Student: 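Dumping the structure here so I can ask a few things about it.
Please read all numbers here as calculations on a predicted model, not as lab measurements. Note on naming: letters A, B, ... go to the chains in the order of the sequence lines (proteins, then strands), and numbering restarts at 1 for each one.
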There are 2 protein chains.
Amino acid sequence: MSRAETSRRGSRPGRAGIRDVAAAAGVSITTVSDALNGKGRLPDATRRHVREVADRLGYRPSAAARTLRTGKSGLIGLTVTTYGDEPFTFTEFAYFAEMARAATSAALARGYALVILPATSRHDVWSNVALDGTVVIDPSDQDPVVSELVRQGLPVVSDGRPAGSLPVTAWVDNDHEAAVLGILDHLADAGARRIGLLTGTTTDTYTHLSTTAYLRWCERVGQDPVYEAYPAHDPCAGAVAADRLLARPDRPDAVYGLFDPNGTDLLAAARRYGLRVPDDLLLVCCSESTVYANTEPPITTLSLKPRRIGTAVVQLLIDAIEGVESDRPVEQVIPTELIVRTSSQRRPPRTTVSPPRSPEDR
Amino acid sequence: MSRAETSRRGSRPGRAGIRDVAAAAGVSITTVSDALNGKGRLPDATRRHVREVADRLGYRPSAAARTLRTGKSGLIGLTVTTYGDEPFTFTEFAYFAEMARAATSAALARGYALVILPATSRHDVWSNVALDGTVVIDPSDQDPVVSELVRQGLPVVSDGRPAGSLPVTAWVDNDHEAAVLGILDHLADAGARRIGLLTGTTTDTYTHLSTTAYLRWCERVGQDPVYEAYPAHDPCAGAVAADRLLARPDRPDAVYGLFDPNGTDLLAAARRYGLRVPDDLLLVCCSESTVYANTEPPITTLSLKPRRIGTAVVQLLIDAIEGVESDRPVEQVIPTELIVRTSSQRRPPRTTVSPPRSPEDR
DNA sequence: GTCGTTGACAGACACGTTTCTGCAAGGTCA
DNA sequence: TGACCTTGCAGAAACGTGTCTGTCAACGAC
């Protein structure tokens with residue numbers, strides 16, 4: 001009687017509130033909440049009745065109100081690095097796309113959604129969204145965003161071992177040094193005498209670790225380093241750097257490229273200089289792209305396993321958010337995979353250059 | 001005196017509320033809110049003082065509370081299509097990555113953040129996040145998610161002209177029919193006599209429109225259609241389909257591939273059959289990838305301009321959210337760009353197959 | 001001297017949930 | 001038969017903002 005069926009003045013026609021459901025079902029707000037969330041102690045009949053009424057009214061609980069009350073939003077931030085003017089860039093395209101895809105998928109499977117955020121400290125955007133935690137990709141040393149998030153008590157998991165004393169909750173990374181050493185050994189085994197490196201000028205951990213590992217390997221085997229660096233976010237610069245590397249007087253007979261497009265860049269440069277791959281030049285690059293299976297010749301690639309990384313990062317983050325005591329280590333090293341193709345293998349018996357055969361020959 | 005300096009029992013050490021700021025500044029909650037949001041009528045001295053105190057306390061307004069109060073969350077959904085088991089997939093990789101990048105960038109520039117959501121109607125995820133509006137990529141006919149969102153009164157902008165009578169707020173798309181016709185004419189001009197198509201088995205609008213345009217073009221010029229279809233989300237199937245297309249007795253002398261990896265797939269298949277590109281086979285594919293500038297030979301590609309599309313979609317959506325009366329049309333057609341490279345041009349004077357020359361020859 | 005007007009702020013409510021506390025009815029046991 | 005527990009549900013207090021309404025002092029005009 002005293003209950004207001006009109007659910008106050010501001011009742012939007014398209015949005016039914018929990019009060020409307022309670023009124024329509026003839027029960028209290030508490031009962032509706034308990035029935036829909038599977039809490040409290042209610043007989044199944046009441047539970048079913050409330051659910052049926054809620055469905056009929058098309059009731060959707062307000063995410064904002066739930067977040068305000070429970071303190072959990074079900075949202076995870078995904079922070080990506082920024083280069084120069086571009087407010088936001090997916091460098092290492094296929095890597096990031098795959099990683100983001102796996103992360104999104106893993107998050108959704110546990111009921112969370114991902115919010116894409118820039119690494120810049122634009123407070124107005126960061127503070128406008130209620131996050132339960134954040135995934136940070138390759139944070140820089142003393143990253144202010146990470147510090148701020150940690151200060152607020154939010155868990156932060158990073159893709160990439162944090163440099164310095166960045167206080168992240170957990171991290172996942174490849175063993176980049178081991179990967180580079182493995183590739184260099186692989187190339188040396190294939191007969192390379194002077195191995196060159198195509199690297200980046202940026203200061204991220206991946207570039208730094210890989211370059212350092214290369215330099216140390218050179219020192220160990222007594223080879224002079226032969227490398228060219230370029231800003232990795234500029235695709236044209238990569239082609240130029242590949243060209244420079246092969247134009248040097250101390251031209252390498254094998255090259256490892258740290259970034260995704262380096263394979264085609266190096267292949268094109270090799271063609272310009274009349275170098276045959278793999279006869280005159282062995283080639284490996286780090287890439288997640290499948291195009292290298294079908295280039296001429298197919299190019300050996302190093303996969304960083306972004307899907308495993310994306311999945312692992314999100315699992316760790318959600319474990320931390322929910323306070324789950326999982327048996328997952330908080331510092332995970334994901335093994336890389338070297339996909340060996342023609343470009344890094346000298347053909348042991350030198351066959352004639354065979355013209356492609358049509359399937360009828362088989 | 002009666003004011004509680006301890007800000008109630010549940011005061012988290014890392015989180016200062018608006019009450020704490022008010023108490024520390026010696027003013028009321030109203031004054032703090034007005035000072036920080038630039039409303040009300042306050043002397044500049046008070047405004048500055050409040051801001052200074054808020055900064056000192058590291059005050060960040062609660063996004064959830066603000067959303068609950070104002071009804072605006074500053075979040076935009078980005079819905080991507082789902083294929084089979086994969087809960088979530090970025091097909092047409094580079095296209096989606098570029099589109100998402102541009103959309104994120106445009107949204108951030110206007111103070112919004114993007115949430116990645118699956119097209120499946122998993123209500124638990126959708127209703128857990130407060131959205132101001134949604135971008136839908138290539139919605140299917142009678143998409144239940146779109147209907148539900150519209151029913152809730154949320155604006156929905158689609159990338160791709162909506163099929164049927166889907167009630168979206170606005171849409172942006174390329175003129176796929178014109179693009180296909182342009183490519184077919186381009187290939188015919190280059191001397192193609194029988195043009196084949198590599199297409200998909202999925203029912204999305206892009207595939208449908210492109211295939212239909214191809215069939216109509218064939219009918220008009222009196223050519224028998226020569227095409228192979230495969231599930232676009234399976235990369236291996238693409239290679240097989242490319243092989244099938246070139247193995248047919250009525251082998252085409254030119255092929256257009258609708259999907260990103262088709263270029264390398266077709267190139268590899270052509271090599272297997274001993275077909276030279278472009279001499280024996282003209283090639284064009286739809287792709288945003290830059291690898292086709294450096295393949296041997298470079299492959300002509302059609303760009304759908306995903307960055308312009310991503311930007312336009314977000315601008316339209318935010319205009320609708322904010323009720324801005326912009327002069328932007330609610331149905332936008334973005335022109336495509338054909339990047340003509342070697343693979344679709346017969347060399348007018350038939351030169352000898354020149355071995356790659358080293359730069360010293362120049 | 002009183003009355004409207006304006007500036008500067010405070011009190012209180014509402015947003016829509018979740019959840020703690022509590023109450024009545026009915027069953028069980030000493 | 002009362003003490004006590006369980007069941008089924010209702011009331012009301014938060015969560016942290018934004019904002020409407022109202023108060024108090026100062027001030028000029030009649």
Student: Any chance you could measure B/K72, atom NZ, to B/T70, atom OG1, to the nearest 0.5 Å?
Tutor: 8.0 Å
Student: Could you tell me how far apart A/K72 (NZ) and C/dT19 (C1') are, to the nearest whole angstrom?
Tutor: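 In whole Å, C/dT19 C1' lies 16 Å from A/K72 NZ.
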Student: Below 4.0 angstrom from OP1 or OP2 of C/dT17, is there any side-chain N or O of A/T67?
Tutor: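 Checking C/dT17 against A/T67, no side-chain N or O comes under 4.0 Å of OP1 or OP2.
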Student: What's the closest nucleotide to the B/R19 side chain, out of D/dG16, D/dG8, C/dG16?
Tutor: D/dG16
Student: Test for a donor-acceptor pair under 3.5 Å between the base of D/dG11 and the side chain of A/T30, counting only N and O atoms.
Tutor: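 Indeed, a donor on one side and an acceptor on the other fall under 3.5 Å apart.
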Student: Just verifying a value: how many Å separate A/R47 CZ and A/T31 OG1, rounded to the nearest 0.5 Å?
Tutor: 10.0 Å
Student: To the nearest Å, give me how far apart CZ (A/R41) and P (D/dC5) are.
Tutor: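 Answer to the nearest Å: 13 Å.
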Student: Is any side-chain heavy atom of A/L317 closer than 4.5 Å to one of A/R110?
Tutor: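 SC-SC contact between A/R110 and A/L317 ruled out.
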Student: Without decimals, in angstroms, what is the distance between A/L36 CG and C/dT18 P?
Tutor: 8 Å
Student: Does B/R69 put a side-chain nitrogen or oxygen below 4.0 Å from OP1 or OP2 of D/dG16?
Tutor: no
Student: Is the distance from OP1 or OP2 of D/dA10 to the nearest side-chain N or O of A/S28 less than 4.0 Å?
Tutor: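 Answer is yes, contact under 4.0 Å.
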Student: What's the closest nucleotide to the side chain of A/I29 if the choices are D/dC9, D/dT19, C/dT18?
Tutor: C/dT18
Student: Distance check: side-chain N/O of B/K39 vs OP1/OP2 of D/dT19, anything under 4.0 Å?
Tutor: yes
Student: Apply side-chain hydrogen bond (donor to acceptor under 3.5 Å, both in side chains) to A/S33 and A/T30, showing your working.
Tutor: CA-CA 5 Å; A/S33 178; A/T30 309; over 6 Å; no
Student: Is the shortest side-chain N/O distance from A/R66 to OP1 or OP2 of C/dT18 below 4.0 Å?
Tutor: yes
Student: Provide, to the nearest angstrom, the distance between the CG atom belonging to A/L68 and the P atom belonging to D/dA14.
Tutor: 14 Å
Student: Looking at the side chain of A/A65, which of D/dG16, C/dT17, C/dT18 is the nearest nucleotide?
Tutor: C/dT17
Student: Can you tell me the distance, in whole Å, between the CG atom of A/N128 and the P atom of D/dG16?
Tutor: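 Rounded to the whole Å, the gap is 17 Å.
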Student: Could you state the CD1-C1' distance from B/I18 to D/dC15, rounded to the nearest angstrom?
Tutor: 14 Å
Student: Just to verify, what does A/A63 make a side chain to side chain contact (heavy atoms under 4.5 Å, CB included) with, not counting sequence neighbours?
Tutor: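 Only B/A130 meet the side chain to side chain contact (heavy atoms under 4.5 Å, CB included) criterion with A/A63.
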Student: Please report, rounded to the nearest Å, how far the P atom of C/dG7 is from the CG atom of B/D34.
Tutor: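 Spelled out: CG on B/D34 to P on C/dG7 is 15 Å.
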Student: May I have the distance from A/R47 (atom CZ) to D/dG8 (atom C1'), rounded to whole angstrom?
Tutor: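 Answer to the nearest Å: 11 Å.
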Student: D/dG8 phosphate, OP1 or OP2: any side-chain N/O from A/T31 under 4.0 angstrom?
Tutor: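 A/T31 to D/dG8 OP1/OP2: no side-chain N or O under 4.0 Å.
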